[in-house]
Amino acid sequence: MMEDRSRLCSVWVGSETGILKGISLYHKQAFNFCNTTHLSRDQEVRALCWGDPAETELLVGSVDGTVKTFSTEKGAFTETRRCGDPADGCFTGLAVLSDSALVTCGECGTLRVWRDESSEPVTELDAGKNVCRMRQNPVDRQKVATGGKDNGLKIWDLEKPEKPVFFAKNLRDDWLDLRRPHWVRDMAFIPDSDKVVTCTGHHQVHVYDPSSPQRRPVLEAEYGEYPLTALSLSAAGNTVVVGNTHGQIAMLDLRKGLVRGCLKGLAGGVRGLQCHPSQPLVASCGLDRFLRIHSLEDRKLQHKVYLKSRLNCILLASRDLEAGVGAAEQASQEVKEEDDDLWDTMEHVQDVEKRKAKEEEEPQKKSKKKRKKGQD
Amino acid sequence: MDITEVPVSQDIKSKKKKTKKPKKKSVSQEGSGVEENQVEENQVEEKMEKSESATAFPPTFSVSEIKNKQRRHLMFMKFKQEKRKQKLQLKKKKKKEREALGDKAPPKEIPKTIENQRVYDETTVDPEDEEVAFDEGTDEFSAYFNGLTNPKVLITTSDRPRGRTVRFCEQLATIIPNAYVYYRRGLALKKVIPQCNARNFTYLMVINEDRKVPNGMVLCHLPDGPTAHFKVSSVRLRKEIKRRGKDPTEHHPEVILNNFTTRLGHSIGRLFAALFPQDPQFVGRQVATFHNQRDFIFFRFHRYIFKNEKKVGIQELGPRFTLKLRSLQKGTFDSKFGEYEWVLKRHEMDACRRKFQL
């Protein structure tokens, strides 16, 4: 029963009440995956990530310092793992390395790598205080970025955990010669380059380039007047979508740092934002308890789902969001069968006949047109 | 000459009918209506002819085409009077018809209002929903609703309050039990909040004013939020209310919350409920009402009396005011870095007049 449901879902959302929610846009349904009799705020979901490249395992980081594994095949939690104390603060990020080691990062800045079943971390490093987010480089999975309040962007290579590969210099003083504080709220690695884009609590978007000698941002853009809380790179990689605490979402062009458009319809602050890896869609969730999916092309609202609790984080499957799993599989199978049949019949067909067929088709079209004209 | 004026007036008539009644009825009555119309038009024309020598109007005539202002005004008044007369006649006729039909009369139509045509809100709370019940049961107000804390309210104003605002605060303090009014002394709210926490206050209420008139209210639940920001309008102090009763007593009032149906409405309702102690003293016979209608929250304060088994008398004690929610913020007051749970976005949220948020 549950496994049928969980296979349908293409959007996963973690809520403040500790419920993992799966949404199937094709069936227009939302499911809760948790034991409803044992709800508790300790289970509040703070981080979500895929456990394997095939996207059958979902890792859920909750406030009490445990990481649970959810199997989308079985539709149930299969494993619970204790990763650090609740005293370390909530999880700010989860990631999985290529050899299935788990990377966790807490608010107080302890970044740990856990391997196999051992209860002790393999590597542990300190990323400074008040870390707001930890993100992994999707291409080079050994690299992670951290950043937080008064804690600039740092990029770590987990094989060399002694020193960060790159750490940002303080921002240049402003025109009144006053210090400008760092407050990184979210970041993303730009594909096909070393660059990292961050958004800050002081409503700026910064682009850092570790390959250049400059350790200050190479591009600075501003949006709105409220703290930016979430960020996501679009599939193409040249626009970034940012959301703030007032429920305003904007697309910024990274070439010049200009606002390309705003997405409307939100009522409360944004907590989670993710662009689909291939489709031009962006999903957002936040304090207004709605999951919203906007199109990046015409910036229209495509889907809006009420999910009853405040939502913390979001994760999209990399397959087509709006296609149902079953339907897609069936369709692909059918296509294959049809193809086979076609190829069987077409083996002996020669070019001449094709041309003939075309010629036959064309007059038909013409006659149709004529008919239409006649009607008019 | 009759023909010239008919189209205009007919137009107006048919428009009115469309707005007021469904089409079926208007069709049945239109025939007679038009006839009446024409007759009356004739009368108008006659009067006009009496007042001035017969002049021919151009084929399409409307009152606004008269260039003499006085004359135009006069004509317009006449036109309006006629219309009102027609309306009254029609009403009388309908009433007569209803009486003649007696019991067989069709049931009266329910007038269409934007409230009963409300667009369904998917966040409307279902009382049996486990998840929402859990969410509400463990939110910031749960300590109050479980009877663990007693409300204690600090009321203050913006800097240098004047006139009405001061009196408004004083009167609010007489309504809310265990409320203390303090002078702001130019303190920042972020500095006031820790001090309130240290003194076990559960609410901080700030009245803002503009040109001596209270126009805003920040209601912050302590120790950990949420904070709501309201627009305050139509404040009437006790002195300005007619037929008011004697000043309220110090008994704990009962609280009535009306029409808070959506998820956001529930949060706001709980915010108001937690202002008052949980056990009302029925001896005082006092009621505080928060009535939500079209997203405006009307506050009234009454004393009631049971005159006999069927009749109840109420007496307003004042003050009365209207609130409109501007934003609901998670956590204590922090307008710059706070996270907002809900923000009123004008022209985006109220584009549909039949959609309500509370």
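Residue numbers start from 1 in every chain, and the chains themselves are labelled A, B, ... in the order their sequence lines are given, proteins ahead of strands. Predicted model, so just to flag it, every value in this text is computed and none were measured.
Distance check: A:Y226 OH to B:Y340 OH gives 6.5 Å after rounding to the nearest 0.5 Å. The NZ atom of B:K336 lies 11.5 Å from the OG1 atom of A:T245; values are rounded to the nearest 0.5 Å. In this structure, the separation between NE2 on A:H246 and NZ on B:K345 is 8.5 Å, given to the nearest 0.5 Å. Separating the OG1 atom in A:T17 from the CZ atom in B:F134 is a distance of 6.0 Å, to the nearest 0.5 Å. For the atom pair CG of A:D288 and CG of B:L328, the computed distance is 11.5 Å after rounding to the nearest 0.5 Å.
One finds no salt bridge joining A:K308 and B:D135 here, because no Lys/Arg side-chain nitrogen approaches an Asp/Glu carboxylate oxygen to under 4.0 Å. For B:E131 and A:K21, the salt-bridge test passes: some basic side-chain N is under 4.0 Å from an acidic carboxylate O. Taking 4.0 Å as the cut-off between side-chain N and carboxylate O, A:R41 and B:D139 do not count as a salt-bridged pair.
With a 4.5 Å cut-off on non-hydrogen atoms, A:E225 does not touch chain B at all. The part of A:L307 that comes within reach of chain B is its backbone (N, CA, C, O), which places non-hydrogen atoms under 4.5 angstrom from that chain.
Proximity of a side-chain donor or acceptor of B:E348 to a complementary backbone N or O of A:G265 within less than 3.5 Å is detected.
For the pair B:E122/A:K304, a side-chain contact is recorded, criterion being any heavy-atom separation below 4.5 Å from C-beta on. Taking the side chain as every heavy atom from C-beta outward, B:T123 and A:R289 never approach each other to under 4.5 Å.
Surrounding NZ of B:K212 are at most 12 heavy atoms belonging to other residues, nucleotides or ligands under 6.0 Å away.
Donor-acceptor pairing under 3.5 Å is lacking for the side chains of A:T229 and B:E339.
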